[in-house]
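Inspection log for the structure reproduced underneath, given as C-alpha cells.
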Amino acid sequence: MSRQQHTPKHSEQVQDVNPRRLAWHCLQRWGQGGIFAETLIERECCHVPARKRAAVQAMVLGTLRNLRWLEHLCGRLRSGHLEDSARWLALLGLCQLFVLRKPAHAAVGETVALAPQRLRGLINGMLRNAVRRQEEFTSNLTALPLGVRYSVPDWLAERWCAEFGREEAEQMLAWNIGTPPVYGRVNPLNPPCIGEDWVALPQAPGWYRLPVGLPFDDLRNGRIYVADPSTRYCVQLLAPQPGERVLDACAAPGGKSVAMIGATAGRIDLLCTDAEEHRLPQLRENLLRAGGEHVEVQQHDWSLPCPPQWKSAFDAVLLDVPCSNSGVLQRRVDARWRLQPSEMERLAQLQLRILSCACEAVRPGGRLVYSTCSIDRAEDRAVVEAFLATHPNFRLVEDYLALPHREQADGAYAALLQAD
C-alpha cells in the first residue's frame with residue numbers, strides 16, 4: 001500500500017520539473033569546471049521526461065555555444081560585476097530570446113520568476129531592456145570581432161582565418177554555433193525498416209539523418225549505429241577486405257569497427273584496442289550488437305611500443321588518434337573553451353608518438369590510415385609529414401580534410417599510408 005501511494009508522488013515530482021530552473025542549475029555547475037556539459041545534462045536529467053530534458057539540453061547547449069556573444073550582450077545591459085548565479089540566469093534568459101527565439105513574455109517572465117527576490121528587479125530590468133534593444137543587438141552583429149560573434153577564443157578565429165581564409169573561416173564558425181543533426185548508419189548485416197521521417201544522405205549511402213525521436217529499438221538491436229557521416233572517410237580510405245587481419249588501434253566506442261564489420265559482411269579478422277580499460281565493456285557491447293561476436297578486444301596504449309606479438313601482424317591498421325576536437329565544436333560544446341595553442345602542440349607530439357608506435361603493427365606491403373576529428377594542420381598533415389620524414393618505408397597515398405560547413409556534418413581528417 002505504501003509503495004502504491006509513493007509512486008504517484010514521485011511521478012508528479014518528475015513531471016513538475018521546471019526545465020529553466022534545471023538549465024540554470026546545470027549552467028552554474030558547468031561554470032565551476034570539472035565536468036562536460038553533456039555529462040552534466042545526462043546526470044541531472046536522468047529521470048526527467050524526454051520533452052523537458054530536450055528543453056534543458058537546448059537551453060544549456062545553446063547558452064554555451066553562444067557564450068561569448070551572450071556575455072557581450074550581458075555587458076551591454078549591465079555594467080559592473082554580476083555574481084555568478086545572476087550572471088548565468090541572465091545568460092539563460094538572453095539565450096531564450098536571441099538563440100532559441102522564445103516568445104519574449106515567456107522568456108522574460110518565467111526566467112525572472114526563478115530569481116531570488118533580491119535579484120528579480122535586476123534580472124527583470126536586464127531582460128526587458130534586451131527585448132527593447134533586440135533589433136539593435138542583432139543588426140550590430142557584423143561589427144563584432146569574429147571571436148565574439150561566433151563565441152570562440154580570438155586566437156582560434158585568427159588561426160582559422162590564416163589557415164583557410166576569412167570567408168571560409170567565417171562560414172565554419174557560423175556552422176559551429178548551430179545545433180548538430182543526429183545521423184545514423186544502417187547495419188547491412190541486420191538492416192532496419194527505414195522510417196518515413198529518416199532522411200537519406202545522397203553523398204553517403206547507408207546513412208540517414210534521424211528524427212528527434214530516435215529509433216531506440218533499432219539502436220538496441222544493432223540495426224543502426226548513431227555516428228557522424230564524416231567518420232566514413234577513414235574507413236573508405238582503409239578499404240578493409242574480407243579475410244584481412246585488421247587492427248582498430250583506438251577503437252572505443254566502436255563506430256569505425258562496426259563500419260568495418262559491415263563493409264566486409266563480418267568476414268574480417270579484427271582486433272580492437274583502446275588505451276582506457278574502462279571503455280572496453282561498452283566497446284564489446286557495441287561490437288556484439290553489430291554482429292562482431294568474434295572480434296578480439298584488448299587494452300593497449302599505443303603511445304607505448306608495439307607488443308612483440310603484434311609487430312608486422314596486420315594487413316591494415318586504423319589509427320583514430322586523440323585530438324583537440326577542433327572539427328566537432330558544434331557537437332562538443334566544451335571543446336572550444338578547452339582549446340589552447342599549447343594543448344594542440346602537446347597533442348601533435350602525442351599523435352606522432354602514437355603513429356610511430358602503431359606503424360610497427362603493419363606488415364610489409366600493408367597500409368595504415370591516420371585519422372582525427374581535428375581540422376587543424378598541426379594535428380593532421382603536419383603530423384603525417386613529420387612521421388614520413390623519419391619513416392622512409394611508408395609513403396602517403398592520399399589524404400582528405402572534411403570541413404564541417406562543407407560537409408554539413410563534423411570535420412575530420414584521414415590519411416592513407418602505404419608500407420613498402
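A 4.5 Å side-chain heavy-atom check between H72 and P145 finds every atom pair outside the cut-off. Residues R363 and F314 are not in side-chain contact: their nearest non-hydrogen atoms beyond the backbone lie 4.5 Å or more apart. With contacts defined as side-chain heavy-atom distances shorter than 4.5 Å, the pair K52/C45 does not qualify. Looking at E407 and Y233, their side chains come closer than 4.5 Å, going by heavy atoms from C-beta outward. L403 has its side chain within reach of L401: a pair of non-hydrogen atoms, C-beta onward, lies under 4.5 Å apart. Contact of the L329 side chain with the L339 side chain is registered, since non-hydrogen atoms from C-beta on lie closer than 4.5 Å. Side-chain contact between P308 and E360 is absent, with no heavy atoms from C-beta onward closer than 4.5 Å.
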>> Run V60 and L27 through side-chain contact (heavy atoms from CB on, under 4.5 Å) and show every step you take.
In response: CA-CA 6 Å; V60 173; L27 288 169; 4.0 Å; yes
> Can C323 and N325 be said to form a side-chain contact (heavy atoms from CB on, under 4.5 Å), step by step?
Replying inline: CA-CA 6 Å; C323 70; N325 297 315; 4.1 Å; yes
> So L201 and Y183, side-chain contact (heavy atoms from CB on, under 4.5 Å) or not? Walk me through it.
Replying inline: CA-CA 9 Å; L201 304 184; Y183 296 108; 3.7 Å; yes
> Do L318 and L247 pass the side-chain contact (heavy atoms from CB on, under 4.5 Å) test, and can you show the C-alpha distance, the side-chain angles, and the key distance before you say yes or no?
Replying inline: CA-CA 6 Å; L318 179 59; L247 167 66; over 6 Å; no
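No donor-acceptor pair under 3.5 Å is formed between the side chain of N124 and the backbone N or O of R120. Using modelled atom types, one side-chain atom of D228 and one backbone atom of D410 make a donor-acceptor pair closer than 3.5 Å. A donor-acceptor pair under 3.5 Å is absent between the side-chain atoms of S371 and the main chain of A414, judged by distance alone. Side-chain atoms of R367 come within 3.5 Å of backbone atoms of A239 as a donor-acceptor pair (strictly under, hydrogens ignored). Looking only at distances, no side-chain donor or acceptor of D269 sits under 3.5 Å from a matching main-chain atom of E244. With hydrogens and angles disregarded, a donor-acceptor distance shorter than 3.5 Å links the side chain of E379 to the backbone of S324.
Electrostatic pairing of R53 and E42 counts as a salt bridge here, judged by a charged N lying under 4.0 Å from a carboxylate O. A salt bridge links R346 with E343; the closest basic N to acidic carboxylate O contact falls under 4.0 Å. Using a 4.0 Å cut-off between charged nitrogen and carboxylate oxygen, E38 and R331 do not count as a salt-bridge pair.
Residues that satisfy the ring-ring contact (aromatic ring centres under 6.0 Å, His included) test with H300, not counting sequence neighbours, are W302, W310. By the side chain to side chain contact (heavy atoms under 4.5 Å, CB included) test, P281 pairs with no residue at all, sequence neighbours left out. With sequence neighbours excluded, the residues satisfying salt bridge (charged side-chain N to carboxylate O under 4.0 Å, His left out) with R406 are E168. Applying the side chain to side chain contact (heavy atoms under 4.5 Å, CB included) test to H391 and every residue at least two apart in sequence or in another chain returns S356, C359, F387, N393, F394. Every residue two or more places apart in sequence or in another chain was checked for a salt bridge (charged side-chain N to carboxylate O under 4.0 Å, His left out) with E44, and none qualifies. In this structure, W175 has no ring-ring contact (aromatic ring centres under 6.0 Å, His included) partners at least two apart in sequence or on a different chain. Every side chain to side chain donor-acceptor pair (under 3.5 Å) that E110 has, sequence neighbours left out, goes to R20. For A200, the side chain to side chain contact (heavy atoms under 4.5 Å, CB included) test picks out Y208, with sequence neighbours left out.
There is no side-chain donor-acceptor pair under 3.5 Å between Q299 and T273. Donor-acceptor pairing under 3.5 Å is recorded for the side chains of E83 and S85. Side-chain contact annotation: T111 with Q96, donor-acceptor N/O pair under 3.5 Å present. Inspection of the D376 and W160 side chains reveals no N or O donor paired with an N or O acceptor under 3.5 Å. No hydrogens or angles considered: a donor-acceptor pair under 3.5 Å links the side chains of S257 and D248. Side-chain atoms of Y150 and E170 include a donor-acceptor pair closer than 3.5 Å.
Of all heavy-atom pairs spanning R336 and I177, the tightest one is NH1-CG2, 4.0 Å. Between G365 and Q418 the shortest heavy-atom distance is O-NE2, 2.7 Å. Nearest heavy-atom pair across E71 and L91 is N-CD2, 3.7 Å. I224 approaches P215 most closely through the heavy-atom pair CG2-CG, 4.4 Å. Nearest heavy atom pair, residue L270 against residue V295, reads O-CG1, 3.4 Å.
Distance check: L287 CG to M260 CE gives 9.5 Å after rounding to the nearest 0.5 Å. Note that the NZ atom of K256 and the CG atom of L319 stand 11.0 Å from one another [nearest 0.5 Å]. C74 contributes atom SG, which lies 6.0 Å from atom CG of L94 (distance to the nearest 0.5 angstrom). Taking CG of L173 as the start and CZ of R166 as the end, the distance is 9.5 Å to the nearest 0.5 Å.
Other residues, nucleotides and ligands contribute over 12 non-hydrogen atoms within 6.0 Å of the CD atom of Q408.
Residue pairs meeting the salt bridge (charged side-chain N to carboxylate O under 4.0 Å, His left out) criterion with at least one partner in residues 390-405, sequence neighbours excluded, are R381-D399. Pairs engaging residues 215-224 under the salt bridge (charged side-chain N to carboxylate O under 4.0 Å, His left out) rule: D217-R223, D218-R223 [sequence neighbours left out]. Contacts classified as salt bridge (charged side-chain N to carboxylate O under 4.0 Å, His left out) and involving residues 299-308 (residues at least two apart or in different chains) are not found. Applying the salt bridge (charged side-chain N to carboxylate O under 4.0 Å, His left out) test to every pair with at least one member in residues 288-299, sequence neighbours left out, gives these pairs: E285-R289.
Ring-plane geometry between F137 and F98 is classed as tilted, the angle between the planes lying from 30 to 60 degrees on a 0 to 90 degree scale.
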